[in-house]
Novice: 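The structure's right below; bear with me while I get my questions together.
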Amino acid sequence: MSYETDDEKVEAIKAWWKENGVAIVIGITIGLAAIVGWRSWGDYRDSLAGQGSTVFDQVLASAGTGQTDAVMAQARVLNNDFASTPYAALGALVEAKALYESGQPDAAMTALTRVIAAAPDPAVARIAALRLARIQVAQGQLDEAAKTVAANDTSPEFAGEFAAVRGDIAAARGDTAAAREAYEQAIAKGSGFSQVIRLKLDNLPASS
């Protein structure tokens, strides 16, 4: 569309603004609000993570001095108030270790089961599963340990560690051949405990 005079152009602009100006203002307002809201959310998220980190440091300090009750209380705070941060799962891992070392294996397994179900990072969930399976082996819960391994051995990064636990399960069952095979797989797949596994291999009874 073209206009013959500048006045007609001005009038056309006025008419267009009259029809569309409110919508434009609303759109700009919504856009600015979204930007401000996103920045506010980012600030809140960073603040939350910072607070969670502080509580997690307290968990570590309490664990280091053997204050199991304090560890449990602080881990509960992480779980209740900072569940959207990684610190809740990490705190539960520390809590489980403290509980087990204080002679509370059932409570430790409960904490680890919670981590497996809720950890935002799959790697943390697999670490919890490994620790749970090891406690289950130590408690003689071999079938449960085997189920834990089967359900969580899904990543090549942890394949060596899960193979080592399968070796422990087989050894506890007296299946020397299966234990030897699993330990050898663990070493081949790069377990971080290769020296310990080699000792376990050396201590296995000779196959009949």
Side-chain angles (χ1 to χ4, degrees), residues 36-169 172 186 191-193 196:
V36 172
W38 176 254
R39 288 178 177 172
S40 296
W41 166 248
D43 292 343
Y44 169 75
R45 182 185 57 194
D46 292 343
S47 174
L48 192 68
Q51 294 173 43
S53 175
T54 299
V55 178
F56 179 66
D57 288 343
Q58 294 171 356
V59 173
L60 291 175
S62 297
T65 55
Q67 300 179 62
T68 304
D69 290 342
V71 170
M72 293 174 63
Q74 291 154 353
R76 193 177 304 114
V77 171
L78 286 173
N79 188 59
N80 292 339
D81 298 343
F82 303 96
S84 62
T85 74
Y87 296 109
L90 295 175
L93 286 179
V94 178
E95 178 189 18
K97 183 175 185 292
L99 287 167
Y100 185 72
E101 290 178 346
S102 67
Q104 303 178 64
D106 290 341
M109 288 188 285
T110 297
L112 291 170
T113 300
R114 187 173 71 243
V115 176
I116 295 169
D121 186 340
V124 175
R126 291 189 180 98
I127 291 170
L130 282 166
R131 294 184 180 181
L132 174 60
R134 288 172 183 144
I135 293 176
Q136 289 169 331
V137 171
Q139 295 299 113
Q141 300 175 12
L142 303 182
D143 291 342
E144 289 81 357
K147 290 176 182 177
T148 299
V149 170
N152 294 279
D153 184 12
T154 58
S155 171
E157 289 80 7
F158 292 88
E161 313 308 335
F162 280 110
V165 178
R166 285 199 301 273
D168 291 342
I169 295 169
S191 170
F193 301 96
V196 174

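Computed from a predicted structure; not experimentally measured.
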Novice: List, one per line, each side-chain donor-acceptor pair under 3.5 Å for residues 155-168, sequence neighbours excluded.
Specialist:
from, atom 1, to, atom 2, distance (Å)
S155, OG, E157, N, 3.4
S155, OG, E157, OE1, 2.4
E161, OE1, S191, OG, 3.0
E161, OE2, G192, N, 2.7
R166, NH1, D153, OD2, 2.7
D168, OD1, Y183, OH, 2.6
D168, OD1, K200, NZ, 2.9
D168, OD2, K200, NZ, 3.2

Novice: Rounded to the nearest 0.5 Å, what separates atom CD1 in I169 from atom CG in L142?
Specialist: 7.0 Å
Novice: Would you name the heavy atoms of T148 and A129 that are closest together and state the gap between them?
Specialist: CG2-O, 3.5 Å
Novice: Sequence neighbours excluded and cut-off under 3.5 Å, please list the side-chain donor-acceptor pairs for residues 104-115, or say none.
Specialist:
from, atom 1, to, atom 2, distance (Å)
Q104, NE2, S102, OG, 3.1
T110, OG1, D106, O, 3.1
T113, OG1, M109, O, 2.8
R114, NH2, E95, OE1, 3.0

Novice: Would you list the pairs meeting salt bridge (Lys or Arg N to Asp or Glu O under 4.0 Å) in which at least one residue belongs to residues 55-71, sequence neighbours left out?
Specialist: none
Novice: Closest approach of A98 and V71, non-hydrogen atoms and distance?
Specialist: CB-CG1, 4.2 Å
Novice: Please report the interatomic distance CG(L130) to CD1(I116), rounded to the nearest 0.5 Å.
Specialist: 9.0 Å
Novice: Could you pull out all residues at least two apart from D121 that satisfy side chain to side chain donor-acceptor pair (under 3.5 Å)?
Specialist: none
Novice: According to the side-chain hydrogen bond (donor to acceptor under 3.5 Å, both in side chains) rule, which pairs have a member within residues 58-68, sequence neighbours left out?
Specialist: S62-Q74, T65-Q67
Novice: What's the separation between atom OH in Y100 and atom CD in Q139, rounded to the nearest 0.5 Å?
Specialist: 5.5 Å
Novice: For E144, what residues pass the side chain to side chain donor-acceptor pair (under 3.5 Å) criterion, not counting sequence neighbours?
Specialist: none
Novice: Could you tell me which residues satisfy side chain to side chain donor-acceptor pair (under 3.5 Å) with K147, sequence neighbours excluded, listed by chain and number?
Specialist: none
Novice: Considering residues at least two apart in sequence or located in another chain, which fulfil the salt bridge (charged side-chain N to carboxylate O under 4.0 Å, His left out) criterion with R126?
Specialist: none
Novice: First locate atom CE of M72, then atom CG of N79, and finally report the distance between them rounded to the nearest 0.5 Å.
Specialist: 12.0 Å
